[in-house]
Amino acid sequence: MSLEEIVLERIKPSEKEAASIMDTADRLKGMITSYLRSHEYDIDVKLVGSVAKGTFLSGPDLDVFLMFPESVPEGDMVRIGLAAGDDVLQGERMYAEHPYTRGDFEGLSVDLVPCYAIKDTKKLMSAVDRTPFHTEYVISNTDERLRDEIRLLKLFMRGTGTYGAEPNTRGFSGYLCELLVIFYGSFLNAVRAASEWKEGVSISPGSKGPAMLGPIIVYDPVDPKRNVASAVHIDTFATFIAACKDYLENPSERFFFPFERVPLTEGELRKLSDDRGSRIVSVVFDRPDINRDNLYSQIWKTRYALTRRLDSYDFTVLRSVHEMTKTKIIIVFELERDALSKTFKHIGPPVWVRAAASFLAKWNDNEFGGPFIDEGQWNVVAERRHRSVIDMLCDEVPVAGVGRDIDTDTLMIVGHNETLSTVNKELLTELLDPKHPWDV
């Protein structure tokens, strides 16, 4: 028996489990349909997503769509959809292009999403209107064998940390996994192909649409103007390629079922930092009460903005990580240094340009010496604006371009020793001793 067959035996839902999930989905659809009829709404209820396609793993989410006639105004669609979510699921309101409801039903997580029952994806009325077409495409282009191959790819991506198009993962969606297996014909064929991918690879399961940019372009067979892989970040793309190369070289269940990593102790973390001569600093904000996915997008924006600012002031970020707790946002940076000399070499314009005169006028009376020529350019030894990383962050974070809902008035900056003592050791282990999940 092959490794893939062994893994599939472990993960494929049994006939009893699959039947139970479908029974739960049918009961939920029945409740929603009864609710809509009781309110005299002529709205179809459709099960979509991995359960409808038969590509789900154990403990799946249920995706249920309310299919509104195109004649219903958008405001009414949203209002009725949310009311159904409130009354049937008593769930939480989520916000994408338009609001929907997330809740629980008989132990399964449920997304109840209003959309329009369009007949052609060329006439989209909202982004989610494509989803029922995705379901039909996958059902029509797979058999039981391919659906099992899709399960393997989904679990492989989950095990290697590349599964999920959510803003914090920035990886491969379930639908994208399905398309890759349909296109390549099997899990192993997809892995072999991905091991040879390069940035900009283009895949067309159906018609090829207009030219697009991205690490990977996968044209949506139901709407070729859309890149199904638009959420895939270059780092996630590269991680998946690395995982595929490693798997082909040394297949192991660890790619599907990675070991849980034991975090390093404070002493081990300190030794790593001391051996490298690096310094650690943390930036902490209060967590705003907004949608989780939207907040993760803002955390990434903040992390990148602060990295640019730290680099521009010569503290030089080696690596960074972040996490979100119930009350806080924590971003941790490993730096080459957290303290700088009093002065630095300020590079000016070439001697022969017009701007050279104003540079000389500004710096002729410089207390650390006048301008000098080096490599054809005027230079001067100037005083740094910030010598301490903590002082720099205090001044610069509010103007660095952090996420709009992240309140810089709640900013707390934690220095090297306190970070190593107080910050989550799992996060610090990820920062100072990064390993792929399959290498743990």
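Note that the structure is predicted; figures quoted are calculated from it, not measured.
To the nearest 0.5 Å, the span separating CG on L180 from CE on M157 amounts to 5.5 Å. For the atom pair NZ of K53 and CD1 of I150, the computed distance is 8.5 Å after rounding to the nearest 0.5 Å. The distance from atom CG of L248 to atom CD of E196, rounded to the nearest 0.5 Å, is 8.5 Å.
With hydrogens and angles disregarded, a donor-acceptor distance shorter than 3.5 Å links the side chain of T419 to the backbone of G415. Checked by atom type and distance alone, the side chain of E149 never pairs as donor or acceptor with a backbone atom of G185 at under 3.5 Å. In this structure, the side chain of T236 engages the main chain of R170 through a donor-acceptor pair within 3.5 Å. Between the side chain of R151 and the main chain of F56, a donor-acceptor pair closer than 3.5 Å is present. With R309 contributing its side chain and V397 its backbone, the two residues share no donor-acceptor pair below 3.5 Å. For Q90 (side chain) and D87 (main-chain N/O), a donor-acceptor pair under 3.5 Å exists by modelled atom type.
Legend: ring-ring contact (aromatic ring centres under 6.0 Å, His included) pairs involving residues 317-336, not counting sequence neighbours, sorted by first then second residue: W300-H322. Under the ring-ring contact (aromatic ring centres under 6.0 Å, His included) criterion, no residue pair touches residues 389-426, with sequence neighbours excluded.
In this pair, H39 and Y41 present their aromatic rings parallel. The plane angle is below 30°, not in the 30 to 60° band.
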Show your reasoning for whether side chain to side chain donor-acceptor pair (under 3.5 Å) applies to T239 and T162.
CA-CA 7 Å; T239 299; T162 57; over 6 Å; no
Working note: D220 + Y175, criterion side chain to side chain donor-acceptor pair (under 3.5 Å); need CA distance, chi angles, decisive distance, verdict.
CA-CA 10 Å; D220 192 337; Y175 179 51; 2.9 Å; yes
Mind listing the side-chain donor-acceptor pairs of residues 9-19 below 3.5 Å, one per line with the distance, residues two or more places apart or on another chain?
unit_1: R10; atom_1: NH1; unit_2: E253; atom_2: OE1; d: 2.6
unit_1: K12; atom_1: NZ; unit_2: E144; atom_2: OE2; d: 2.9
unit_1: K12; atom_1: NZ; unit_2: D148; atom_2: OD1; d: 3.4
unit_1: K12; atom_1: NZ; unit_2: D148; atom_2: OD2; d: 3.1
unit_1: S14; atom_1: OG; unit_2: E17; atom_2: N; d: 3.0

Taking distance alone, no hydrogens or angles, what donor-acceptor pairs closer than 3.5 Å link side-chain atoms of residues 113-120 to residues at least two apart or in another chain?
unit_1: Y116; atom_1: OH; unit_2: V72; atom_2: O; d: 2.7
unit_1: Y116; atom_1: OH; unit_2: E74; atom_2: N; d: 3.0
unit_1: D120; atom_1: OD1; unit_2: K122; atom_2: N; d: 2.9

Throw together a table of side-chain donor-acceptor distances under 3.5 angstrom for residues 420-438, partners on residues two or more places apart or in other chains.
unit_1: S421; atom_1: OG; unit_2: E266; atom_2: OE2; d: 3.2
unit_1: S421; atom_1: OG; unit_2: R270; atom_2: NH2; d: 3.0
unit_1: S421; atom_1: OG; unit_2: N417; atom_2: O; d: 3.0
unit_1: T422; atom_1: OG1; unit_2: E418; atom_2: O; d: 2.7
unit_1: N424; atom_1: OD1; unit_2: E426; atom_2: N; d: 3.0
unit_1: N424; atom_1: ND2; unit_2: E323; atom_2: OE1; d: 3.0
unit_1: K425; atom_1: NZ; unit_2: L420; atom_2: O; d: 3.4
unit_1: K425; atom_1: NZ; unit_2: S421; atom_2: O; d: 3.2
unit_1: K425; atom_1: NZ; unit_2: V423; atom_2: O; d: 3.2
unit_1: T429; atom_1: OG1; unit_2: L264; atom_2: N; d: 2.9
unit_1: T429; atom_1: OG1; unit_2: K425; atom_2: O; d: 2.7
unit_1: D433; atom_1: OD2; unit_2: R261; atom_2: NH2; d: 2.6
unit_1: W438; atom_1: NE1; unit_2: D246; atom_2: OD2; d: 3.0

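Taking both residues in full, the closest heavy atoms of E334 and S278 are given as OE2-OG, 2.6 Å, listed atom of the first, atom of the second, then distance.
Classification of D311 and R308 as a salt-bridged pair fails, no side-chain N sitting under 4.0 Å from a carboxylate O. Salt-bridge check for D314 with R384: passed, with a basic side-chain N closer than 4.0 Å to an acidic carboxylate O.
Here S126 pairs with E97, H98, V128, D129 under the side chain to side chain contact (heavy atoms under 4.5 Å, CB included) rule; sequence neighbours left out.
The ring of Y163 has its center no closer than 6.0 angstrom to the ring center of F172. The distance between the ring centers of F187 and F255 does not fall below 6.0 angstrom. For F240 and Y247, the gap between ring centers reaches or exceeds 6.0 Å.
For the residue pair K154 and T55, a side-chain donor N or O sits within less than 3.5 Å of a side-chain acceptor on the partner.
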